[in-house]
Amino acid sequence: MQEDGSQVNLDFVRAIVAADSKSNKWDGRVVTRFPPEPNGYLHIGHAKSICLNFGIAAEFGGVCHLRFDDTNPEKEEQEYVNSIIEDVRWLGWDWGEHLYYGSDYFEQMYEYAVQLIKAGKAYVCDLTAEQIREYRGTLTEPGRDGPDRNRSVEENLDLFEKMRKGEFPDGSRTLRAKIDMAHPNLNMRDPVMYRIVHAEHHRTGDKWCIYPMYDWAHGLEDSVEKITHSICTLEFENHRPLYDWFLDELGAYHPQQIEFARLNLTYTVMSKRKLLRLVQEGYVEGWDDPRMPTVSGMRRRGYSPEAIREFCRRIGVNKFNSTVDMALLEHCLREDLNKTSRRVMAVLRPLKVVIDNYPEGQSEELEAVNNPEDPQAGTRKVPFSRELYIEQEDFMEEPPKKFFRLAPGREVRLRYAYFVTCTDVVKDEAGNIVELHCTYDPATRGGDAPDGRKVKATLHWVSAADAVEAEVRLYESLFTKENPDEAGEGEDFTANINPDSLETVTAHLEPSLAGAEPLDRFQFERLGYFCADAGSRAGKPVFNRTVTLRDAWAKIQKGQKNT
RNA sequence: UGGGGAAUAGUGUAAUGGUAGCACGACUGACUCUGGAUCAGUUAGUCAAGGUUCGAAUCCUUGUUCCCCAGCCA
C-alpha cells in the first residue's frame, strides 16, 4: 500500500510474499536471506539482490539474514567476508542478530547426510570426476548407474565416516544422492553431496576434509534458519527440483525457492570471474577502483547508498534477462546528489584571467550559496582577487554559433562575483592562449546588474592566489561498448576496455575544499559531482569525478561535429 | 534433436478478459546567477500467425527467437 492508501504494483516476488502473508502460509512470518559466497567483492548486481531480500523483509515486517555460503574453502577468504559485511551495512541494511555462516551447520549437514544414507537415498561413490561425467550421460542421452550405486547402507555409513576422518585422498570418493541416472534434469542424476578436499577453511580450519556441495548445503542452511522465501537467480531454476527433493526426503522444514533475473548493465561486466580478471590483470587498480561496478568501487567513486537503492527500486524484478541502461543508474545518482551535494567552485583546466581595473593587491570575500536545492545548507565566503582562473573551455577566441561563454569583447558573469568583459588575449609563441585580460564592473558585485542588463553565461572561477591544488581523476566508463562481451574473433571483453577511462588533472579548487574529508561529496559547479578519494589527505587532496552534470553545450558540440 | 524458463516503445517496467500507462533516453520549448536543477510538450511498443470472445498484452493452438543446465563451483 502507498501512503495515499492506493494499491501499489507488486513485482512477482513480492506478490508471492504478499499472498503467503495473507494466507498465513508461514504463520505470518517473512524470513529472507542474502547468502553471498565470500569469494569476491559485492557488485551492483548483488545490490539488486540485497535490496530485494532486505527490502521485502522490511516491507512485510520480517527479517533478512546475512549468511555466508562458505562451503568451498579453496576460493573463500576472510577478506571477502569483511568487505561484504561493510558493503551491505553501507547500503543501509541491518541484519540485527542474524549473521550466519553455512560452515556453522557442517555438523548438522553431516548428520542429515547420515540420515539420507540410512534411508537408502545416498551412497558413497568411488568414481573419479571424469568417470562421473561419463556416467552422467548428456543433455539428450540418459546416464547409467555407477558400480557403487547399490552398496549396502552399512558399507556406505562406514565409508562416509572414513571420508570424514580423512582416510581417503582428495577426489577419491564422493557422497552422492541416489535419485535417477536417467532423469531429464541433469541435476537429478545422482548429484554429488560431498567431496573430499583437504583444505584449510577460513573459519573451520582443518576440522573438515569433506565439504558439502551447493545443492546439498543451501537448502539445509535455509531450512535450519527457517527461511520462508529463498530468493535466488534464474540459473538455479534447474536446481529447484533438487532443493525440494533433499528437503522432502529429509522431512525437514522446507522454504520456497523463487528465482529472479540477475542484473545486467550497459558498458560494464558483472560476473565475479571477469571482475577478478580486471583486478588481477591490472586493468584497474583493485576491487574498489572507482571504475568498477563493485559496491566498494562505487562508494569510492562517490555514489550514495540512497542512489543505489533508488536504482534497485526502479529496475524492478522479473524472470527474463534484460540489460539496464547505465543512464538510469546515472539519473538516480544525479537525482540524489543534486539534492544533497554542497556546491563549490573548481577549475579543472585553468586559464589565467587578469582583471585589469581591479586594484592590485586587493581582495574581498563574496558570499556563495552552498546548495540552491537546500536552503538549510547556508552560504560560505569565496575569495576574489585581481588574478583568477577560469576553465579553458569557457573561452573561445572565435566563438561559434550557440557558444554563450567568454569571447573577445563579450561580457559574462563570474558566479557570485562580477560581470567581466574580455579585452585582450595573450598567446605564447606557439599560438596557444595563455592569459586573458578583462575589465570588471564594480556595480555588479555579487553577480547582479543594477541596470538590469543580462549576460548569456555565468562562469565558475577561483582566485589564483587562494586556490588549492588537487589531483582530480576524471573517470569515463571502463568499456567502449554497451555490451563489452561483443568482441571480435579470438578477442574477449578486455578488447573493449576504454583506454581513456581515467584522466588525471591538477585542478585549482576554492580554498574551502582544503578541509575535505575522504568520501565527502561535492558538486563542482558546472562540471559534475566529485568525491574526495578514500586516500585524500589535507595537503594532498585527491578527488574522483563521480559523474558529470548533464551538459547541453556538449550535446550541441557533438551535433555540430556530426554535421 | 532432452529438460527447465522467458518474450510489451531505443532501454527498464505496469496493465492478470475492458481506454496499452509510467520511468530513463532522445528531441522541442519555457525558465534560470550552474548550458545544472525545475516545468511543459513530442517521439515510440504488445515476437508471429491463427482461434475463443461483444471485447485479448492477458485465454487456446501452432510457430519463431532468446536464456539456463552435461563442476567433486556457487
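Worth saying up front: this structure is predicted, and the values here are computed from it rather than measured. So that the names make sense, note that chain A is the first sequence line, chain B the second, and so on, each numbered from 1.
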Item to complete: Quick one: label Tyr211(A) by what it contacts on the DNA or RNA (base, sugar-phosphate, nothing), any heavy atom closer than 4.0 Å.
Response: nothing
Item to complete: Using both pair distances under 3.5 Å as the test, note the stems of at least 3 consecutive Watson-Crick or G-U pairs that include RNA chain B.
Response: B:2-7 with B:64-69, B:10-13 with B:21-24, B:25-30 with B:38-43, B:47-51 with B:59-63
Practice prompt. Send over the distance from Glu510(A) CD to rU34(B) P, rounded to a whole Å.
Written response: 16 Å
Worksheet item: Which part of the nucleic acid does Thr128(A) contact within heavy-atom distance under 4.0 Å: base, sugar-phosphate only, or nothing?
Response: base
Fill in: OP1 or OP2 of rC73(B) under 4.0 Å from side-chain N/O of Thr71(A)
no
Practice prompt. Using the closest heavy atom to pick a nucleotide of RNA chain B for each, name whichever of Gly447(A) or Asn187(A) lands nearer the 5' end.
Written response: Gly447(A)
Worksheet item: Under the side-chain hydrogen bond (donor to acceptor under 3.5 Å, both in side chains) test, which residues partner Lys165(A), sequence neighbours left out?
Response: Glu161(A)
Worksheet entry | Between rU53(B) and rC59(B) - C1' atom distance, rounded Å | 10 Å
Worksheet entry | Distance, P atom - from rG18(B) to rU58(B), rounded to whole angstrom | 11 Å
Worksheet entry | Phosphate contact (rG5(B) OP1 or OP2) by Arg262(A) side-chain N/O below 4.0 Å | no
Worksheet entry | Contacts of type side-chain hydrogen bond (donor to acceptor under 3.5 Å, both in side chains), residue Glu79(A), not counting sequence neighbours | Tyr41(A)
Worksheet, complete the sentence: Within residues 168-176 of chain A, the residues having a heavy atom closer than 4.0 Å to RNA chain B are Gly171(A), Thr174(A)
Discussion item. Taking rU42(B) as the reference, what is the distance to rU46(B) when you measure between their C1' atoms (whole Å, please)?
Written reply: 22 Å
Worksheet item: Roughly how far apart, to the nearest Å, are rC27(B) and rA15(B) at atom C1'?
Response: 28 Å
Worksheet entry | Residue-phosphate contact under 4.0 Å: Arg133(A) side-chain N/O, rG71(B) OP1/OP2 | yes
Discussion item. Suppose you measure atom C1' in rG45(B) against the same atom in rA57(B); what distance do you get, rounded to whole Å?
Written reply: 10 Å
Fill in: Spacing of the C1' atoms in rA6(B) and rG12(B) (rounded, Å)
16 Å
Worksheet entry | Residues in side-chain hydrogen bond (donor to acceptor under 3.5 Å, both in side chains) contact with Ser341(A), at least two apart in sequence or another chain | none
Practice prompt. Mind checking the CZ-CG spacing from Phe530(A) to Leu348(A)? Nearest 0.5 Å is all I need.
Written response: 5.0 Å
Item to complete: Using the salt bridge (Lys or Arg N to Asp or Glu O under 4.0 Å) rule, collect all pairs that involve residues 443-461 of chain A, keeping only residues at least two apart or in two chains.
Response: Glu364(A)-Arg445(A), Glu411(A)-Arg453(A), Asp441(A)-Arg453(A), Asp451(A)-Arg453(A)
Worksheet item: Across the strands shown, which category fits Glu525(A) at heavy-atom distances under 4.0 angstrom: base, sugar-phosphate, nothing?
Response: base
Worksheet entry | Whole-angstrom distance between rC66(B) and rU11(B), as gauged at atom P | 16 Å
Item to complete: Would you mind classifying the nucleic acid contact of Asn72(A) as base, sugar-phosphate or nothing, using non-hydrogen atoms under 4.0 angstrom?
Response: sugar-phosphate
Worksheet item: Which residues satisfy the side-chain contact (heavy atoms from CB on, under 4.5 Å) test with Ala554(A), sequence neighbours excluded?
Response: Asp551(A)
Worksheet, complete the sentence: Residues at least two apart in sequence or cross-chain that pass side-chain hydrogen bond (donor to acceptor under 3.5 Å, both in side chains) with Asn185(A), listed by chain then number, are none
Fill in: Inter-nucleotide P distance (rC69(B), rA74(B)), Å rounded
15 Å
Discussion item. Any carboxylate oxygen within less than 4.0 angstrom of a Lys/Arg side-chain nitrogen, looking at Glu221(A) and Arg33(A)?
Written reply: no
Worksheet entry | Sequence neighbours excluded - side chain to side chain donor-acceptor pair (under 3.5 Å) pairs with any residue from residues 263-273 of chain A | Asn39(A)-Lys272(A)
Worksheet item: Which part of the nucleic acid does Glu373(A) contact within heavy-atom distance under 4.0 Å: base, sugar-phosphate only, or nothing?
Response: base
Worksheet item: Taking the side chain of Asn238(A) as its heavy atoms from C-beta onward, which of rG36(B), rG71(B), rG3(B) lies nearest to it?
Response: rG3(B)
Item to complete: For each nucleotide in nucleotides 13-28 of chain B, reading 5' to 3', give B when a protein heavy atom comes within less than 4.0 Å of its base, S when such contact involves only the sugar-phosphate, and - otherwise.
Response: SS--------SSSSS-
Discussion item. Using a 4.0 Å heavy-atom cut-off, does His460(A) contact any base of the nucleic acid, only the sugar-phosphate backbone, or nothing at all?
Written reply: nothing
Worksheet entry | Distance-only side-chain donor-acceptor flag, Tyr243(A) / Asp222(A), under 3.5 Å | yes
Discussion item. With the 90 degree cut-off around zero defining syn, does rG71(B) come out syn or anti?
Written reply: syn
Fill in: Which residues share a side-chain contact (heavy atoms from CB on, under 4.5 Å) with Arg309(A), sequence neighbours left out
Cys51(A), Trp93(A), Pro305(A), Glu306(A)
Worksheet item: Hey, what's the ring geometry for Phe384(A) with Tyr440(A), parallel, tilted or perpendicular (30° and 60° as the breaks)?
Response: tilted
Worksheet item: With respect to the side chain of Glu235(A), which nucleotide from rG35(B), rG5(B), rA74(B) is positioned closest?
Response: rA74(B)
Worksheet item: Sequence neighbours excluded, which residues qualify as side-chain contact (heavy atoms from CB on, under 4.5 Å) partners of Lys319(A)?
Response: Phe12(A), Leu234(A), Glu237(A), Glu259(A)
